[in-house]
Novice: 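There's a structure below that I have some questions on.
Reminder, nothing fancy here: chain letters follow the sequence lines and each chain counts from 1.
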2 protein chains.
Amino acid sequence: MSSIRDVARLAGVSHQTVSRVINEHPSVREGTRQRVLDAIAQLDYRPNVAARALVTNSLNLIGVLSATTGEFGATSSLTAIEEAARAAGYSVTTLNLPDVSADSIHAAVRQLQNERVDGLIALAPQARVSHVLAGMRADIPIVTLQTASGATAETLSADQVAGARLATEHLISLGHRDVVHLAGPQDWVEAESRMQGYLDAMLDADISPFPPVRGDWTADFGHTAGVELAHRGDMTAVFVANDVMAIGLIHGFRDMGLEVPRDVSVVSFDDIPVAAHVTPALTTVHQDFQALGRRALLLLLAEIRGETPPVLEPAHPRLIVRDSTATPHTVTQP
Amino acid sequence: MSSIRDVARLAGVSHQTVSRVINEHPSVREGTRQRVLDAIAQLDYRPNVAARALVTNSLNLIGVLSATTGEFGATSSLTAIEEAARAAGYSVTTLNLPDVSADSIHAAVRQLQNERVDGLIALAPQARVSHVLAGMRADIPIVTLQTASGATAETLSADQVAGARLATEHLISLGHRDVVHLAGPQDWVEAESRMQGYLDAMLDADISPFPPVRGDWTADFGHTAGVELAHRGDMTAVFVANDVMAIGLIHGFRDMGLEVPRDVSVVSFDDIPVAAHVTPALTTVHQDFQALGRRALLLLLAEIRGETPPVLEPAHPRLIVRDSTATPHTVTQP
DNA sequence: CAGTGGGATGTGAACGTGCACAATGGCACG
DNA sequence: CGTGCCATTGTGCACGTTCACATCCCACTG
């Protein structure tokens, strides 16, 4: 493996000049630059990141702390982060939390700091993760993709409330008044935001909201909830906090003889790839997870470089109307 | 930030002794070891990976080259790889291919080599990716998770053929003879393996197989295929190469008035989390993607260390029978 | 023509670690 | 008591890069 000095020797310059060429320093004469570039190509020289990191004290590395079990959203955001980071000259290392205990969060952050990351993006939707992180005073910049509150919250994920509102208002405008919310787990930021949007929309329409049912995002839970809600029978529509639970819910309804949207309307959140193809096709709120990831990275890079973070206008979610919602009792009314 | 010499000074030893403690060299007296450990704790000292990498010429880093668009399987494998790698003292960096052209593969591998990865796992199911990689003669160990052929192929992914066979035989044992295969894209290793399993099972049962329909893994395509196959109407069952396409296919059938499994049976592959909850619940072949990831990592680590790779017995896939399959014409026969 | 400024290039040190080798000390053995 | 061995510890250097500073040269100015 050839070093910067080998290149220098071949090009007939000093190692420092080679370094200047590599780092695109302006004051290198064009002719010299070319000779150096030729030498680099000829030797297939590649800068040693370790040596550079040793002296600049930065590996140009960002860490992604993730606490989601292969969900669609997180995966999309991660891909976007990785792509954007590499475009900015950073590489990315991922670390999956085995659980969301304070201990494992501490261990994970410590681990990433040992790996000398320049900054950290937490792809961890649980509120407690952001709380633990906020309380840690790690000496590196940290951006949480889903923030419980504070300045960055709005730029990154305020759209959640608006999206949930959109979904609920859609049901109300169809004529539903007895709308139940099947929520996500208490600890999750998105769960809270989506519930907030539900409550806002209900109260604005002067309907007293039901106490929400707490779910856990899984289709299994959705199924159980479907069976239970079918027994209760006191609602004509359900706003579900994510698509996967909605699929389970519809399954549960069907097991109990309820058809969607004939007997109950269902609207959910995420627009996962199969949402248009399950039966019935899901009316759902589409989220741009990739944009979310890119935003998080922009914020982090700004923090790393000590710049003032860019002002980002929140991305607005879209409601995609498909077949899982209808006016109440369309079939039984005529 | 304190260095190894600061620790040495505080503990009253030489930097080399500290280095020995860090690297768990046996010949350090217990008392000395404790003093050093105390000093490390007191200073919150962390070894500088860059400096270490500079002298050992290894960052303890493995790269994952991925060419999948957030699919369930790849994501699960990736998580498992990351976890196993970190347990072995390696960190992981991911690189997503924008496309599978030879150029972008070259660029990606080059990029990862510039980042000084010790080895590379390709999570790239397209046959051409493994071919390009095989032809590259990169000077680092590379393990392809889905290998087209060769020695590692069997240990890693031979189960695909067996799984497809299982699925097809299930249909045959139910009494189906007109079984169509909705396959994956021609270029994908899994697609070929699954088709092979289908063909094997059909021929073993003395049934002449249909020419397979080529899909692209997406639910959208599944839907189109469903509409088309419903028109043809010459089959009683379909073996679909993955769950997501199966969901689309069932949707397409339903649009054309065909019910699954009443009119057509469907069996697919992967057992994604919603498979049990869509309507009808999918009969499908379960794959242990995590185990696959862990195997790949074991192989890679062995290559990196120059050891002989461990002999792994192939993991056998399981058929999960749910509601999308039945005997032919159960409803119309009585 | 001398003086000055700045672009282009070179020199030497430093970053924090591991390795090779040297040095020290204690113990067993004859 | 001398010898040799081994466990334990220390010394100096090298890894490949960037940074601070020095030097050179040329063009421009008055």
Novice: Does the side chain of A/S101 come under 3.5 Å of the side chain of A/D103 through a donor N or O and an acceptor N or O?
Specialist: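 No - no donor-acceptor pair under 3.5 Å links their side chains.
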Novice: Measure CD1/B/I22 against C1'/C/dG16 and give the value in whole Å, please.
Specialist: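 Nearest whole value for this atom pair: 10 Å.
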Novice: Measure from CG on B/N60 to P on C/dT17 and round the result to the nearest Å.
Specialist: 15 Å
Novice: Calculate the interatomic distance between B/R9 atom CZ and C/dT17 atom C1'; express it in whole Å.
Specialist: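 From B/R9 CZ to C/dT17 C1': 15 Å.
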Novice: Using only heavy-atom distances, determine whether the side chains of A/T79 and B/N96 contain a donor-acceptor pair under 3.5 Å.
Specialist: no
Novice: Below 3.5 Å is the cut-off: list the nitrogen or oxygen pairs between protein and nucleotides 7-9 of chain D, distance only.
Specialist:
{"from": "D/dT8", "atom 1": "O3'", "to": "B/R29", "atom 2": "NH2", "distance (Å)": "3.4"}
{"from": "D/dT9", "atom 1": "OP1", "to": "B/T32", "atom 2": "OG1", "distance (Å)": "2.5"}
{"from": "D/dT9", "atom 1": "OP2", "to": "B/R29", "atom 2": "N", "distance (Å)": "2.9"}
{"from": "D/dT9", "atom 1": "O4", "to": "B/R20", "atom 2": "NH2", "distance (Å)": "3.3"}

Novice: Output the residues of residues 51-58 of chain A in contact with DNA chain C, where contact means a heavy atom of the residue under 4.0 Å from an atom of the strand; sort by number or write none.
Specialist: A/L54, A/V55
Novice: I need the minimum non-hydrogen distance between A/S130 and A/T144, along with the two atoms involved.
Specialist: CB-CG2, 4.0 Å
Novice: Specify the separation, in whole Å, of atom CD1 of A/I4 and atom P of C/dG10.
Specialist: 12 Å
Novice: Using OP1 and OP2 only, check whether a side-chain N or O of A/N48 sits under 4.0 Å from D/dC15.
Specialist: no
Novice: Between B/N57 and B/R52, do the side chains contain a donor N or O and an acceptor N or O under 3.5 Å apart?
Specialist: no
Novice: Can you check the A/Q34 CD to C/dT9 C1' distance for me, whole Å?
Specialist: 18 Å
Novice: Do B/S14 and B/R9 have a side chain donor and acceptor closer than 3.5 Å?
Specialist: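 Side-chain D/A pair, B/S14 to B/R9: absent.
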Novice: If I take atom CD in residue B/Q16 and atom C1' in nucleotide C/dT24, what distance separates them, rounded to the nearest angstrom?
Specialist: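 Those two atoms, CD and C1', are 16 Å apart.
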Novice: What is the distance from CG of A/L59 to P of C/dT17, rounded to the nearest Å?
Specialist: 13 Å
Novice: Indicate yes or no: does A/E115 engage A/R110 in a salt bridge with an N to O separation below 4.0 Å.
Specialist: no
Novice: Looking just at side-chain N and O atoms, do A/S27 and A/H25 make a donor-acceptor pair shorter than 3.5 Å?
Specialist: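 A pair is found: one side chain offers a donor N or O, the other an acceptor, under 3.5 Å apart.
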Novice: Quantify the bending of the helix from C/dC1-D/dG30 to C/dG30-D/dC1 as the angle between its end axes, each fitted on five pairs, to 10°.
Specialist: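 Nearest ten degrees gives 40° for this helix.
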Novice: Just jot down the salt bridge (Lys or Arg N to Asp or Glu O under 4.0 Å) partners of B/E192, sequence neighbours excluded, or say none.
Specialist: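 Residues passing salt bridge (Lys or Arg N to Asp or Glu O under 4.0 Å) with B/E192: B/R214.
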Novice: Can you name the residues that form a ring-ring contact (aromatic ring centres under 6.0 Å, His included) with A/F289, not counting sequence neighbours?
Specialist: A/F72
Novice: Enumerate the residue pairs fulfilling side-chain hydrogen bond (donor to acceptor under 3.5 Å, both in side chains) with a member in residues 31-40 of chain B, sequence neighbours excluded, ordered by first and then second residue.
Specialist: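 For residues 31-40 of chain B: B/E30-B/R33.
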Novice: Taking N and O atoms by type only, does the side chain of B/H15 place a donor or acceptor under 3.5 Å from a partner on the base of C/dG16?
Specialist: no
Novice: Would A/I62 and A/E82 count as a side-chain contact (heavy atoms from CB on, under 4.5 Å) if you check the C-alpha gap in whole Å, the side-chain angles of each, and the deciding distance to 0.1 Å?
Specialist: CA-CA 9 Å; A/I62 76 156; A/E82 183 266 304; over 6 Å; no
Novice: What nucleotide among D/dT17, C/dG10, C/dT17 has an atom nearest to a side-chain atom of B/S3?
Specialist: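 Given the options D/dT17, C/dG10, C/dT17, the side chain of B/S3 is closest to C/dT17.
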Novice: To the nearest angstrom, how far is B/Y45 atom OH from C/dG16 atom P?
Specialist: 10 Å
